[in-house]
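The block underneath contains the structure these notes are about, expressed in structure tokens.
Just so you know, ligand 1 is whichever comes first in the structure, and atom 1 is the first atom listed for that ligand.
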Amino acid sequence: SKEQISHDEYQQTADWLMSQTKHRPQVAIICGSGLGMLADTLKCQDSFPYSDIPGFPQSTVKGHAGRLVFGELKGKTCVCMQGRFHMYEGHSLCKTTFPVRVFKLLGVETLIVTNAAGSLADGLQPGDIMIIKDHVNFPGLVGLNPLSGPNDEKFGPRFPAMSGCYDKGLRCLAKEIAKQLGVAGLMHEGVYAMVGGPTFETIAEARLLHRLGVDAVGMSTAPEVVMATHCGLRVFGLSLITNKVVKSYEDSDSVNHDSVLEVGRLRSQTVQQLVTELISRMEINNNNT
Ligand SMILES: Nc1nc2ncn(CCNC(CO)CO)c2c(=O)[nH]1
């Protein structure tokens, strides 16, 4: 039967963290493969290895450090996951999304998710950045959903609406910032598809995804966004395009994780600037500067 996590477990982790740091974050950031350096820019940091945090799973993927970092960024208090959890690591979906509900209990109102993704769209090249307009959650479509099982009404409704879950205001702001940073040429908006992984897609799967109108593909993000939408967090997502998905049987190229991390290192500066500016300029309700 599906593993259930009780409300108390989420609360115990939130209480433990609140006893360890004075920071009360308004924004949470989940850093994707090779994008963890964003956490290093937080000021007045308090950081905790996942192994110290009650209830947290462990990160097992190269390029995912495994630290929760609290700090200030442009006058806003943030909490940043250096390393995220993926379904393909064998975590249950409620474990991979455990931090999102903890962030909610800490008072976070906005979640920013970043990931590395492969591009299916002709106009999306490695090194480009895709603002996520919407997602296709393939595991979710077959019932692998973190919300399946008894609903916790304290977090949200039994049947949450998912249309428009990627906040339009933040997407517009991100495009504005990209222009001002002079990186609008790198920026695109598109649909992200989550596949379970850990295998990269076959050519037939890549062609199917492309035919379905998916622009970028990855192995994360959708479950976290489902959980965040359920409990009322505002969501912004971006994909760093690290490679072109192989769609032709003639193409001898094949993707590997190291090349994914390499592009992450190359473009991390730009992703960092974008997310930092976005956090600095986004409206926050309880802005306790
Ligand atoms: N074809 C393809 N290219 C990709 N580049 C990055 N990712 C995201 C998955 N990242 C994994 C492996 O690098 C680590 O989480 C993918 C993917 O899922 N498929």
Original post:
Do you see a donor-acceptor pair shorter than 3.5 Å between the side chains of Gln273 and Glu277?
Top reply: no
Original post:
With backbone taken as N, CA, C and O and side chain as the heavy atoms from C-beta onward, which portion of Asn115 lies under 4.0 Å from ligand 1: side chain, backbone, both, or neither?
Top reply: neither
Original post:
Which atoms from ligand 1 have a heavy atom of Thr242 less than 4.0 Å away?
Top reply: 5 (N), 6 (C)
Subject >> ligand 1 versus Ala117: contacting region, heavy-atom distance under 4.0 Å >> reply: backbone
**OP:** Provide the number and element of each atom of ligand 1 under 4.0 Å from a heavy atom of Met219.
**Re:** 9 (C), 11 (C), 18 (O)
Original post:
Is there a donor-acceptor pair under 3.5 Å between the side chain of Ser92 and the backbone N or O of Lys95?
Top reply: yes
Original post:
Between the main-chain N or O of Val225 and the side-chain N or O of Thr229, is there a donor-acceptor pair closer than 3.5 Å?
Top reply: yes
Subject >> Numbered atoms and elements of ligand 1 in range of Tyr88, under 4.0 angstrom, heavy atoms >> reply: 14 (C), 15 (O)
Original post:
Does some non-hydrogen atom of Gly197 fall short of 4.0 Å from ligand 1?
Top reply: no
**OP:** Give the ring-plane orientation class for Phe70 versus Phe48, where under 30° counts as parallel, over 60° as perpendicular and anything between as tilted.
**Re:** perpendicular
Original post:
Is it the case that more than 12 heavy atoms not belonging to Lys74 sit under 6.0 Å from its NZ atom?
Top reply: no
